[in-house]
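Notes follow the structure.
Note: hydrogens, waters and symmetry copies are ignored here, and every other heavy atom, side chains too, is used. In the text below, chain A, chain B and the rest are named by the order of the sequence lines, each starting its count at 1.
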There are 2 protein chains.
Amino acid sequence: MKLLEAKAEFIQSWGTLGSSWGINRTMSQIHALLMISPNALSTEEIMKELNISRGNANTNIRMLMDWGLVQKQLVPGERREFFYGGKDIWEISKKIIEERSKREIQPILESLKNLKELEEKTVEANTFVKVVSDLEDYTVKVQNILQKFIKSDRTWFFKTLVSFLGK
Amino acid sequence: MKLLEAKAEFIQSWGTLGSSWGINRTMSQIHALLMISPNALSTEEIMKELNISRGNANTNIRMLMDWGLVQKQLVPGERREFFYGGKDIWEISKKIIEERSKREIQPILESLKNLKELEEKTVEANTFVKVVSDLEDYTVKVQNILQKFIKSDRTWFFKTLVSFLGK
DNA sequence: TTAAACTTTCATTAATTACTGAAAGTTTAA
DNA sequence: TTAAACTTTCAGTAATTAATGAAAGTTTAA
């Protein structure tokens, strides 16, 4: 297989995966491109490689930087900026989980908190409060686990967790 | 707070959460509605409650049944079908994880498998193969963990895992 | 300074995804 | 049978989300 094909296919798959998880396709594709590129790329190069407009490239590069998945590299004597992305998939997942849990779990907990003080005492109200409380408990537990994950170390995590789950 | 408000807010939040994770809003909302409803509901009732069309209701109810998150209930002497959803959040997450990993992890592994046999031996090719291989290893590990999770039992999982991670 | 090299913004347009509702299909009971 | 009660489909439309590209903004070096 030729590198060029393989790269294209990889970028394509990564983009699809991203968009089925609520991350826009271009953002995932730029990320994929930077992961597999041995050196940092300029906006121009990214645009050319993925066939996208300047605006699109710029917006999504900035988003990736927001998420901490991509960094600027300033090359001495070069006017334009270069971008590179980490290649360590463990670090990448930790970042993604960190960002998403920050952006999505906290607000949900916030919104669940208030839903339990109901005036009614009907069966329907009870069912409702039960579901909401369970969900809240569960969410807190998941959040704790994710926090631990974010702070954990790769080798330890896999070695220990896998053997642990194997029991 | 009034039950009616609380219900609306819950359905709304659940819908938003779903759509930020690539699950369509109506599907999540129907699911939310059924979770908090003490009895099974007919299509008609779902339509009225969420203000959606017959077609939309029908399609999304079927999707939820596909995912195993909602079941039909046949009431003797009743012509129409009633639907209800499990209220156990642990079971719900297991189902969701099961469906999504089946639909999304397998295809990714499939696609990664072939990308590593490159003709080129350049630096760029090496970087590429390294990233793809790491990603493949990682994905397999994650898949294994998820499989275990799907098969595990709630009490065991939380009690043991949480205390384990606490170390 | 200023003009070239670059980055960012944003109104417009395009692409994608979800929803509607009427019509076709199916089931049941009389 | 058949007709009423219900479910499913699907072409058309609406809503949402993403992408374009020209214009405005910024930085740098001469």
Side-chain angles (χ1 to χ4, degrees), chain A residues 11-34 40-67 70-84 100 103-104, chain B residues 11-34 40-67 70-84 100 103-104:
Chain A
I11 290 169
Q12 171 57 37
S13 301
W14 198 252
T16 308
L17 183 67
S19 72
S20 82
W21 286 89
I23 291 165
N24 107 21
R25 218 179 68 245
T26 308
M27 181 166 159
S28 312
Q29 287 181 336
I30 295 178
H31 183 227
L33 175 62
L34 294 178
L41 302 179
S42 67
T43 303
E44 207 74 33
E45 290 168 307
I46 293 172
M47 286 166 59
K48 214 169 89 190
E49 199 81 34
L50 300 179
N51 241 291
I52 58 175
S53 72
R54 190 170 296 286
N56 195 9
N58 184 268
T59 307
N60 289 101
I61 290 170
R62 251 186 313 105
M63 279 174 156
L64 285 165
M65 291 199 296
D66 266 12
W67 280 50
V70 157
Q71 276 99 268
K72 253 182 209 169
Q73 183 174 68
L74 293 169
V75 176
E78 269 283 12
R79 187 70 158 282
R80 67 221 149 121
E81 301 170 330
F82 291 84
F83 304 95
Y84 66 98
R100 296 207 73 161
R103 282 163 215 245
E104 286 151 14
Chain B
I11 290 170
Q12 170 59 35
S13 302
W14 199 249
T16 308
L17 183 66
S19 70
S20 79
W21 286 87
I23 290 164
N24 104 25
R25 215 180 68 245
T26 308
M27 182 169 159
S28 312
Q29 287 181 335
I30 295 177
H31 182 228
L33 176 63
L34 294 177
L41 303 178
S42 67
T43 301
E44 208 72 36
E45 291 169 307
I46 293 171
M47 286 166 58
K48 214 169 87 191
E49 199 81 34
L50 301 179
N51 242 291
I52 57 175
S53 74
R54 192 169 295 287
N56 194 11
N58 184 270
T59 307
N60 288 101
I61 290 169
R62 251 186 314 104
M63 280 175 154
L64 284 165
M65 289 198 297
D66 266 12
W67 279 50
V70 157
Q71 275 99 267
K72 253 182 207 167
Q73 182 174 67
L74 293 168
V75 176
E78 270 281 14
R79 187 69 158 281
R80 67 219 149 120
E81 301 169 330
F82 291 83
F83 304 94
Y84 66 98
R100 298 208 72 163
R103 281 165 216 243
E104 286 151 15

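- At the phosphate of C:dT20, OP1 or OP2 sits under 4.0 Å from a side-chain N or O atom of B:Asn56.
- Contact of the A:Arg100 side chain with the A:Ile23 side chain is registered, since non-hydrogen atoms from C-beta on lie closer than 4.5 Å.
- At the phosphate of C:dT26, neither OP1 nor OP2 sits under 4.0 Å from any side-chain N or O atom of B:Arg79.
- Nearest heavy-atom pair, A:Ser28 versus A:Gly18, reported as atom, atom and distance to 0.1 Å: OG-CA, 3.4 Å.
- Under the Watson-Crick and G-U wobble criteria, each requiring two contacts below 3.5 Å, nucleotide D:dT27 is paired to C:dA4.
- Two residues are said to be in side-chain contact when any heavy atoms from C-beta on lie closer than 4.5 Å; A:Ile30 and A:Ile52 meet this criterion.
- A:Arg25 comes within contact range of no nucleotide atom at all, as no heavy-atom separation falls under 4.0 Å.
- Contact of the A:Tyr84 side chain with the A:Gln71 side chain is registered, since non-hydrogen atoms from C-beta on lie closer than 4.5 Å.
- An OP1 or OP2 oxygen of D:dA19 is reached within less than 4.0 angstrom by a side-chain nitrogen or oxygen of A:Asn24.
- As a whole-Å value, the separation of B:Met27 CE from C:dA18 P is 11 Å.
- Across D:dT9, D:dT7, C:dT20, the shortest atom-to-atom separation from the side chain of B:Arg80 is found for D:dT7.
- Between C:dT7, D:dT8, C:dC19, one nucleotide has an atom nearer to the side chain of A:Glu81 than all others, and that is C:dT7.
- Contact check, A:Thr59 against C:dT9: no side-chain N or O comes under 4.0 Å of OP1 or OP2.
- Comparing D:dT7, C:dA4, D:dA18 by their nearest atom to the side chain of B:Asn58 picks out D:dT7.
- Here C:dT8 is the nucleotide among C:dT8, D:dC6, D:dA19 with the atom lying nearest to any side-chain atom of A:Arg54.
- Comparing B:Ile52 and A:Ser19 against DNA chain C, the residue whose closest nucleotide sits nearer the 5' end is A:Ser19.
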